[in-house]
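To keep things clear, I will list the structure first and then write my remarks on it.
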Protein chains: 2
Amino acid sequence: MTGPERPRRADARRNVEGIRRAALDVFRSGGLTTPLDEVARAAGVSKGTIYHRFGSRRGLIDAVVDELVAERIQGIIAAVGRLDDPLARFEEYLLRMWLLQYDEPAANDVLLRAMPDSEPLVHLCERAQRFALGVLTDAQRAGAVRADLTPEDLHHLILERGVVVQAGLRQSREDYQRRLRFLLDGLRHVPAR
Amino acid sequence: MTGPERPRRADARRNVEGIRRAALDVFRSGGLTTPLDEVARAAGVSKGTIYHRFGSRRGLIDAVVDELVAERIQGIIAAVGRLDDPLARFEEYLLRMWLLQYDEPAANDVLLRAMPDSEPLVHLCERAQRFALGVLTDAQRAGAVRADLTPEDLHHLILERGVVVQAGLRQSREDYQRRLRFLLDGLRHVPAR
DNA sequence: ACAGAAGTTGACTCCATGGTCAAGAAGCTA
DNA sequence: TAGCTTCTTGACCATGGAGTCAACTTCTGT
């Protein structure tokens with residue numbers, strides 16, 4: 001759609017790259033809502049330049065989201081895809097998604113808010129969701145996961161973790177992980193009690 | 001400590017009462033962080049009056065917190081206290097706290113932020129926590145709840161729900177409740193698997 | 001080395017919110 | 001009802017972040 005991009009001036013190219021780097025850095029540690037002034041400062045550039053180059057906050061996010069999260073999620077899908085046991089696949093998928101959320105504040109923002117109109121993101125999320133659906137139904141068919149768990153539940157469980165992490169209730173990674181275990185146990189098939 | 005309160009003028013008394021009512025109303029539906037202008041509007045009074053009468057946002061909250069949440073929490077403690085079965089007590093306590101959070105956004109704010117220096121609140125929270133500890137250890141002694149669940153976990157599980165509800169991920173009360181079930185099931189004693 | 005295009009800047013506007021205070025309004029008492 | 005005191009008001013200050021733009025700076029091709 002966009003024409004053959006007439007070449008930009010050298011300093012412009014340099015800046016765009018610098019801003020991308022800075023954004024990755026800043027967003028990774030502070031989430032997608034970090035003030036753009038900070039990105040600007042980190043890139044040694046003025047806020048105006050960011051707007052000039054990327055149009056808006058969202059533009060910048062779109063330009064960076066792939067490297068920021070998409071790769072990680074694809075990595076998870078790939079890794080889980082390599083497993084055989086249905087229950088292991090199910091639990092590993094959730095666990096890895098949840099830990100990604102803990103490790104990268106930005107991942108939540110992506111999963112939570114940036115979605116509505118970032119094309120590549122929507123695509124990615126759909127893909128993940130489709131994958132999750134497969135994992136879930138397999139695990140249920142194998143009798144490893146409770147039957148009343150719906151795909152929406154799964155989706156919700158992930159969003160929920162995002163919110164929790166984002167809120168910054170102090171908890172060490174170990175505690176976080178231990179508590180995820182509680183959750184997972186609650187999702188397993190309940191033999192008649 | 002405060003002297004015998006020389007009587008206030010009639011309009012002042014009327015306003016204080018009106019503001020309290022309005023605050024209850026507004027905070028109930030919007031949480032404790034709702035702009036005070038809204039409270040003022042609802043009370044048919046100017047923002048300045050609120051500050052004059054209550055000193056600060058926190059002052060207003062303190063003046064209202066009891067009627068807003070304290071009673072509800074005490075109600076829960078009382079109701080659960082009447083139950084006998086340890087597991088039922090445990091689950092009922094959590095369930096009711098969680099539903100309270102769903103039903104009243106303000107409850108979260110109370111549990112989450114207002115705490116640090118509101119005396120009555122601190123007191124109440126301590127009481128609830130002590131109660132929860134009893135419920136937990138009883139349930140664990142009875143072998144109904146997993147042994148590796150700590151009191152901190154319990155506390156955290158409640159805060160967590162608060163955050164989730166506050167974030168306003170759309171979910172009907174039914175879905176919310178159904179998902180709580182997953183959580184509770186994950187907390188039960190796990191017979192050797 | 002210069003003209004003109006491309007790029008950058010930072011001060012500016014806007015908006016929302018918390019909180020303050022001098023001036024004016026209203027209640028109370030004699 | 002006058003006069004004193006208590007109250008209320010709403011305009012005002014401060015903060016902090018989003019986004020804009022006219023003026024200035026830096027490239028680049030000739």
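Letters A, B, ... are given to chains in the order of the sequence lines, protein chains preceding strands, and every chain is numbered from 1.
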(message) Counting only side-chain nitrogens and oxygens, does B:Tyr51 get under 4.0 Å of the OP1 or OP2 atom of C:dT20?
(response) no
Distances under 3.5 Å only, N/O to N/O: pair up the protein atoms with those of nucleotides 28-30 of chain D.
from, atom 1, to, atom 2, distance (Å)
D:dT28, OP1, A:Ala10, N, 3.0

(request) Select from A:Arg53 and B:Gly55 the residue whose nearest nucleotide in DNA chain C is closer to the 5' end of that strand. (result) A:Arg53
(message) Going by ring-ring contact (aromatic ring centres under 6.0 Å, His included), name the pairs with one or both residues in residues 9-66 of chain B, residues two or more places apart or in two chains.
(response) none
(message) Enumerate the ring-ring contact (aromatic ring centres under 6.0 Å, His included) contacts for residues 126-153 of chain A, please, sequence neighbours excluded, ordered by first and then second residue.
(response) A:Tyr93-A:Phe131
Can you tell me the distance, in whole Å, between the [atom1] atom of [X] and the [atom2] atom of [N]?
X       : N      : atom1 : atom2 : value
B:Ile19 : D:dC7  : CD1   : P     : 12 Å
B:Glu17 : D:dT8  : CD    : P     : 14 Å
A:Phe54 : D:dT20 : CZ    : P     : 16 Å
B:Arg57 : C:dT17 : CZ    : C1'   : 9 Å

Tell me every residue that passes side chain to side chain donor-acceptor pair (under 3.5 Å) with [X], counting only those two or more places apart in sequence or in another chain.
X        : answer
A:Asp138 : none
B:Gln140 : none
A:Glu92  : A:Arg96
B:Asp37  : none

(message) I need the residues from residues 34-42 of chain A with at least one non-hydrogen atom less than 4.0 Å from DNA chain C; give them sorted by number, or say none.
(response) none
(request) Scan residues 67-80 of chain B for pairs that pass side-chain hydrogen bond (donor to acceptor under 3.5 Å, both in side chains), counting only residues two or more places apart or in two chains. (result) B:Arg20-B:Glu67, B:Arg72-B:Glu104
(request) Could you note down all residue pairs passing salt bridge (charged side-chain N to carboxylate O under 4.0 Å, His left out) where residues 143-152 of chain B supplies at least one of them, sequence neighbours left out? (result) A:Asp185-B:Arg146, B:Arg146-B:Asp148
(message) Test: salt bridge (charged side-chain N to carboxylate O under 4.0 Å, His left out). Region: residues 154-166 of chain B. Which pairs qualify, not counting sequence neighbours?
(response) A:Glu160-B:Arg161, A:Arg161-B:Glu160
(message) Could you check whether any side-chain heavy atom of A:Leu154 comes within less than 4.5 Å of a side-chain heavy atom of A:Leu94, counting everything from C-beta outward?
(response) yes
(message) I'd like to check A:Val16 versus A:Arg8 (side-chain heavy atoms, cut-off strictly below 4.5 Å). Are they in contact?
(response) yes
For nucleotides 9-11 of chain D, print each protein N/O atom paired with a nucleotide N/O atom at under 3.5 Å, atom names and distance only.
from, atom 1, to, atom 2, distance (Å)
D:dT9, OP2, B:Ser46, N, 2.8
D:dT9, OP2, B:Thr49, OG1, 2.9
D:dG10, N7, B:Ser46, OG, 3.4

